[in-house]
Amino acid sequence: MTTVIHPPAQELLRSWRHDFHRHPETAFEEKRTNARLLEILNELPNLAVHSGWGHGTGIVAVLKGTGGPGPSIGLRADIDALDVDELTDLPYQSTIEGKMHACGHDGHMTMLLGAVHSLARQPDFAGTVHFIFQPAEENEGGARVMVEEGLFERFPMDAVFAVHNWPGLPLGEAVVNDGPVMAAFDIFDLTLHGQGCHAAKPEEGTDTILAASQLITQLQGVISREVAPHEPAVLSFTSIEAGHTYNVIPESVHLRGTIRCFDPELQARLQQRFEEAVQALAGFHRLRAELDYQSRYPATINNPEHAQICVQALEAVPAIHTIHRNQTPSMGSEDFSFMLEKVPGAYIWLGNGVDSAPLHNPHYDFNDELLPIGVQYWLSLVRQLLG
């Protein structure tokens, strides 16, 4: 008979989450967060706690079940914040100017802490659970760093799982996909160098503004005319910097942006076409192009078998009343993809509420009512896999 494990009281979960929220830290700078996590983890029995991962701020806590040998799984939470000025006016608002937990990682690590807190006191399962507290999910690829540091060699795992809160999805609802969940994430920095001149005499220079404008329009044609309509892809220019006055055509223009898609072959082809378009345009306009194109994150793609296990775990959580299957994936990105490239597993969404502000918004706040639901999901998943 399976023993029922109760998560920590919601008041304790809330106190942990609010503490993390007050002290946000961005990529690879999560020193205070790391220290607080270690303080809580080191008070728990039966855990082997390993810090120093992910350039120093990541943690892997290992818990072996008392039920004997069995599978080895990983449960991951991201711990970093964003460079955002918080505008919530909450009593536990960020105390660090210009930094904020605007993506809910304060809630993610609290939910995982709640699962550790319960299981460490009652590890009556067969196998091993690795609780992964990962830094630098936002832009800097902390998951990639941990993998490169030997995460799965040091801690072999049969499967790995992660959760993200999802604004707009009602509390008590979840989304589980059998394949793509989040898009690949490429970025580019492009500088076009020409010859500046008087705005009244454009024939004496090379017009970098005109060239940049044509490039922006031309590259959108790659998405609309070279990518099949049923293949999601998006190219967004997010910054243009050039010139400072009315009567000078500037010497250079700097553009940056991002490309998102789900298919690895399409990802490579879009990079190739981007580079070809830049070189062709630079040649036509007699400019010099300086391009830095980086494939930051691969697409996050679930293993169907492990996605179904997540569904079964969710069905055992009383507070989850609706499970959406194979919804439209997000064009946002997630560095958990690096872990899923090495080990099969699944990444799911849990509803943060219909009234939640969007992710990466200065008014966003993680829904405290989701904390015990997330803990129960983790406990249920461990029971599904190791019970």
Side-chain angles (χ1 to χ4, degrees), residues 2-24 33 36-45 47 59 61 63 75-79 81 86 88-95 100-123 129 131 133 161-175 310 313-323 348-357 359 363-384:
T2 301
T3 304
V4 176
I5 299 180
H6 298 285
Q10 186 158 348
E11 292 74 19
L12 179 58
L13 296 172
R14 188 183 295 114
S15 69
W16 287 343
R17 209 274 294 182
H18 292 185
D19 180 60
F20 292 132
H21 193 91
R22 290 188 187 97
H23 303 94
T33 304
R36 181 68 179 120
L37 287 168
L38 289 174
E39 181 182 3
I40 297 170
L41 292 170
N42 286 329
E43 292 177 350
L44 299 175
L47 280 179
I59 300 169
L63 180 63
L75 311 180
R76 171 269 204 176
D78 35 20
I79 70 173
E86 183 163 356
T88 63
D89 292 324
L90 293 165
Y92 49 87
Q93 179 167 301
S94 169
T95 59
M100 175 192 175
H101 270 294
C103 201
H105 298 184
D106 50 341
H108 298 168
M109 55 180 148
T110 297
M111 293 189 298
L112 192 57
L113 267 182
V116 185
H117 190 273
S118 298
L119 290 167
R121 288 176 161 81
Q122 195 173 336
V129 183
F131 302 94
F133 295 89
F161 300 88
V163 165
H164 207 293
N165 77 93
W166 210 246
L169 186 68
L171 191 72
E173 298 191 12
V175 172
C310 294
L314 288 164
E315 289 173 341
V317 177
I320 297 292
H321 55 77
T322 304
I323 303 169
I348 73 163
W349 299 335
L350 293 177
N352 199 56
V354 294
D355 297 326
S356 172
L359 301 173
H363 298 280
Y364 168 85
D365 187 38
F366 188 93
N367 189 341
D368 284 333
E369 298 302 312
L370 179 55
L371 294 171
I373 298 175
V375 175
Q376 287 282 14
Y377 165 69
W378 283 135
L379 298 178
S380 178
L381 184 63
V382 170
R383 290 301 174 208
Q384 288 289 329

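Since we're looking at a predicted model, the values are computed, not measured.
Between the CZ atom in F131 and the CG atom in L47 there is a gap of 7.0 Å [rounded to 0.5 Å]. One distance of note links CD of E315 with CD1 of I323; it measures 4.5 Å at 0.5 Å rounding. Going from atom CZ of R14 over to atom OH of Y92 covers 9.0 Å, rounded to the nearest 0.5 Å. Note that CG of L359 and CG of N165 are 5.5 Å apart. Values are rounded to the nearest 0.5 Å. Between the NE2 atom of H105 and the CG atom of D78 there is a distance of 3.5 Å, given to the nearest 0.5 Å. To the nearest 0.5 Å, the span separating CG on L41 from CZ on F133 amounts to 5.0 Å.
Remark: side-chain polar atoms of T95 are paired, donor with acceptor, to backbone N or O of R22 under 3.5 angstrom.
For the pair L13 and G114, the tightest heavy-atom approach, listed with the atom from each and the gap, is CD2-CA, 3.9 Å. Across every non-hydrogen atom of S356 and P167, the tightest pair is OG-CB, 3.4 Å. Heavy-atom minimum distance, L350 versus A174: CD2-CB, 3.8 Å. Across all non-hydrogen atoms, the minimal contact from S94 to E86 is N-OE1, 3.0 Å. Annotation for V354 and P170: closest pair CG1-CG, 3.6 Å, computed over non-hydrogen atoms. Taking both residues in full, the closest heavy atoms of A120 and L63 are given as N-CD2, 3.7 Å, listed atom of the first, atom of the second, then distance.
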Go through the steps to decide whether F20 and I79 satisfy the test side-chain contact (heavy atoms from CB on, under 4.5 Å), and finish with yes or no. CA-CA 9 Å; F20 292 132; I79 70 173; over 6 Å; no
Which is it for W16 and L371 under the side-chain contact (heavy atoms from CB on, under 4.5 Å) test, yes or no, and what are the steps along the way? CA-CA 10 Å; W16 287 343; L371 294 171; over 6 Å; no
Any chance you could lay out the ring pair (Phe, Tyr, Trp, His ring centres under 6.0 Å) test for H18 and H21, step after step, and finish with the verdict? CA-CA 5 Å; H18 292 185; H21 193 91; 7.7 Å; no
For a side-chain contact (heavy atoms from CB on, under 4.5 Å) check, start with the C-alpha distance between L171 and I373, then their side-chain angles and the critical distance, and finish with the verdict. CA-CA 9 Å; L171 191 72; I373 298 175; 4.1 Å; yes
For side-chain contact (heavy atoms from CB on, under 4.5 Å), just list the numbers for L379 and Q376, CA-CA rounded to whole Å, side-chain angles, deciding distance to a tenth of an Å, and then say yes or no. CA-CA 5 Å; L379 298 178; Q376 287 282 14; 4.2 Å; yes
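In this structure, C103 and H164 have side chains that are in contact, with non-hydrogen atoms separated by less than 4.5 Å. Side-chain contact between T33 and H23: absent, with no pair of heavy atoms (C-beta onward) separated by less than 4.5 Å. Residues R76 and H108 form no side-chain contact, since every pair of their non-hydrogen atoms from C-beta on lies 4.5 Å or further apart.
Under the side-chain hydrogen bond (donor to acceptor under 3.5 Å, both in side chains) rule, D365 has a single partner from H101, R17, Q93, which is R17. Of the residues listed (W349, F366, Y364), the one engaging W166 in a ring pair (Phe, Tyr, Trp, His ring centres under 6.0 Å) is W349, and it is the only one.
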